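One structure below.
Chain letters run A, B, ... following the sequence lines, proteins first and then strands; every chain starts at 1. Please read all numbers here as calculations on a predicted model, not as lab measurements.
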2 protein chains.
Amino acid sequence: MARWDPGAEERLKKAALELFTEHGYDNVTVTRIAERAGLTRRSFFRYFPDKREVLFAGSEQLPPAVASAVLAVAPGVAPLDAVLDALTSVGTRLAERVDGGRTRRAVIAASAELRERERTKFAAVTAAIRDALVRRGTDPDTAALLARTATVAFRHAFERWTESDGRTSFAECVDAVVATLRDAFTTRARAD
Amino acid sequence: MARWDPGAEERLKKAALELFTEHGYDNVTVTRIAERAGLTRRSFFRYFPDKREVLFAGSEQLPPAVASAVLAVAPGVAPLDAVLDALTSVGTRLAERVDGGRTRRAVIAASAELRERERTKFAAVTAAIRDALVRRGTDPDTAALLARTATVAFRHAFERWTESDGRTSFAECVDAVVATLRDAFTTRARAD
DNA sequence: CCAAGTGATGGCACTGTGTGTCATAAGGAG
DNA sequence: CTCCTTATGACACACAGTGCCATCACTTGG
């Protein structure tokens with residue numbers, strides 16, 4: 001299976017992250033990334049469909065992982081609980097391998113283009129959750145709404161967890177988010 | 001058509017929507033849009049920062065409108081209620097002038113690039129809500145979470161309203177969404 | 001009535017993204 | 001050693017987006 005120089009994709013990802021960190025996403029061309037990786041511009045686009053994707057490689061695994069986690073929850077469990085359990089489990093596993101994900105986060109946060117793409121990635125997770133809920137028997141409309149809400153909770157919990165820097169577990173962050181939302185909805189939301 | 005005809009921006013928006021509807025977003029170049037509007041490619045970019053924005057012109061008014069609506073709610077009202085009231089009011093006004101917004105929705109739905117940009121527009125609304133809540137005294141973390149949740153509710157309610165095709169009011173759609181969420185959170189969410 | 005000023009536009013050149021096509025080099029299978 | 005597969009290089013091209021300057025229309029002051 002050995003090629004010219006193995007690990008071309010890894011070299012491209014590494015070179016991209018380094019250059020983005022140093023000069024900013026907008027000031028780095030695909031040509032420069034490819035050159036640092038010992039490849040040509042044309043080859044870059046054989047590994048990644050566009051310049052943004054080099055920072056999101058592997059993210060296509062998240063939606064199916066979440067979907068199967070949702071489907072793995074016991075059938076009787078209420079939709080929202082099923083999704084929250086699934087996201088807690090997936091998120092915890094995800095939280096374990098965040099090596100160097102710190103600089104990556106910073107690069108994304110600094111670029112409007114990358115933040116835009118990141119939202120698309122989360123939207124894919126939302127769609128996967130919705131489909132999984134429908135397959136569990138939830139009606140499509142409720143499934144879509146709960147999927148969006150759960151994704152919001154997931155994102156928020158993850159950001160919370162990142163900021164707390166390992167002092168709290170991811171599950172605790174999810175619980176805190178859910179508690180806040182439950183409180184907001186039960187207290188007097190729309191009690192006109 | 002003389003060089004100085006007024007309404008250049010309107011002509012560009014109209015030409016773009018027509019061409020996108022007919023040939024699809026990806027198969028239409030900026031040059032063709034500009035030509036149909038009686039302008040040159042260069043002038044298109046004087047009115048819109050990029051090709052996607054021609055379909056989102058005016059959307060920059062939404063975040064400040066939502067923000068002021070949130071700030072206009074009586075100070076004692078709970079954060080979530082304040083945001084929901086504000087969004088109901090703004091959404092109702094928004095729902096009144098949806099002339100031809102139908103084809104626009106279809107064009108956006110058909111293009112991944114446009115859907116991606118649309119999410120950015122909603123993210124701007126979320127940010128505006130968050131900031132407004134913070135100015136109302138809500139702590140920043142809760143404000144961010146509720147802003148995201150409220151935006152989800154807003155989007156979902158709007159889609160519901162669009163599908164119902166005028167048979168229900170926008171306010172009713174928001175109420176239905178809130179009822180669903182409250183039910184999901186109160187029933188037994190995370191009652192481990 | 002004319003000259004200067006102002007603002008929108010056209011024209012042009014240029015960088016950068018993304019893609020199609022073909023040639024080539026490297027490795028493995030027979 | 002030859003054939004075949006596959007990653008890669010090389011080249012051409014369309015299109016997005018931008019900077020710069022000329023030009024044209026309309027306005028204002030003299």
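Taking CG from A:L55 and CG from A:L114, the interatomic distance works out to 5.5 Å, rounded to the nearest 0.5 Å. Atom CG of A:L80 is separated from atom OG1 of B:T187 by 9.0 Å, given to the nearest 0.5 angstrom.
A:F154 has its ring centre less than 6.0 Å from the ring centre of A:F170.
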Side chain to side chain contact (heavy atoms under 4.5 Å, CB included) between A:C173 and A:T168, intermediate numbers included: CA-CA 7 Å; A:C173 293; A:T168 56; 3.6 Å; yes

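Between B:V30 and B:F45 there is a side-chain heavy-atom pair separated by less than 4.5 Å. Residues A:T29 and A:K51 are not in side-chain contact: their nearest non-hydrogen atoms beyond the backbone lie 4.5 Å or more apart. Side chains of A:V125 and A:K121 form no contact here, defined as non-hydrogen atoms less than 4.5 Å apart. With contacts defined as side-chain heavy-atom distances shorter than 4.5 Å, the pair A:R148/A:R130 does not qualify. B:L62 places a side-chain heavy atom less than 4.5 Å from the side chain of B:V90.
With sequence neighbours left out, B:E113 forms a salt bridge (charged side-chain N to carboxylate O under 4.0 Å, His left out) with B:R52.
At a threshold of 4.0 angstrom between heavy atoms, the contacts of B:F48 with the nucleic acid are absent. When heavy atoms are screened at a 4.0 angstrom cut-off, B:Y47 is found touching the sugar-phosphate backbone but no base atom.
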What nitrogen or oxygen pairs link the protein and nucleotides 11-13 of chain C at under 3.5 Å?
none

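The distance between atom CG of B:L39 and atom C1' of D:dC24, rounded to the nearest whole Å, is 14 Å. Between A:R11 atom CZ and D:dT8 atom P the separation is 8 Å, expressed in whole Å. Nucleotide D:dC15 holds its P atom 12 Å from the CZ atom of B:F45, rounded to whole Å.
Among pairs with a residue in residues 48-69 of chain B, those fulfilling ring pair (Phe, Tyr, Trp, His ring centres under 6.0 Å) read B:F44-B:F48, at least two apart in sequence or across chains.
A salt bridge does not link B:E9 to B:R46: none of the charged nitrogens lies less than 4.0 Å from a carboxylate oxygen.
Using a 4.0 Å cut-off on heavy atoms, the residues of residues 19-32 of chain B that approach DNA chain D are B:V28, B:T29, B:V30, listed by number. Within residues 49-57 of chain A, no residue is approached by DNA chain D to less than 4.0 Å at the level of any non-hydrogen atom. A heavy atom lying under 4.0 Å from DNA chain D marks none of the residues of residues 113-120 of chain A.
Checking A:S89 against A:R93 by side-chain atom types alone, a donor-acceptor pair falls below 3.5 Å.
Between B:S43 and C:dG10, a side-chain N or O to OP1/OP2 separation shorter than 4.0 Å is present.
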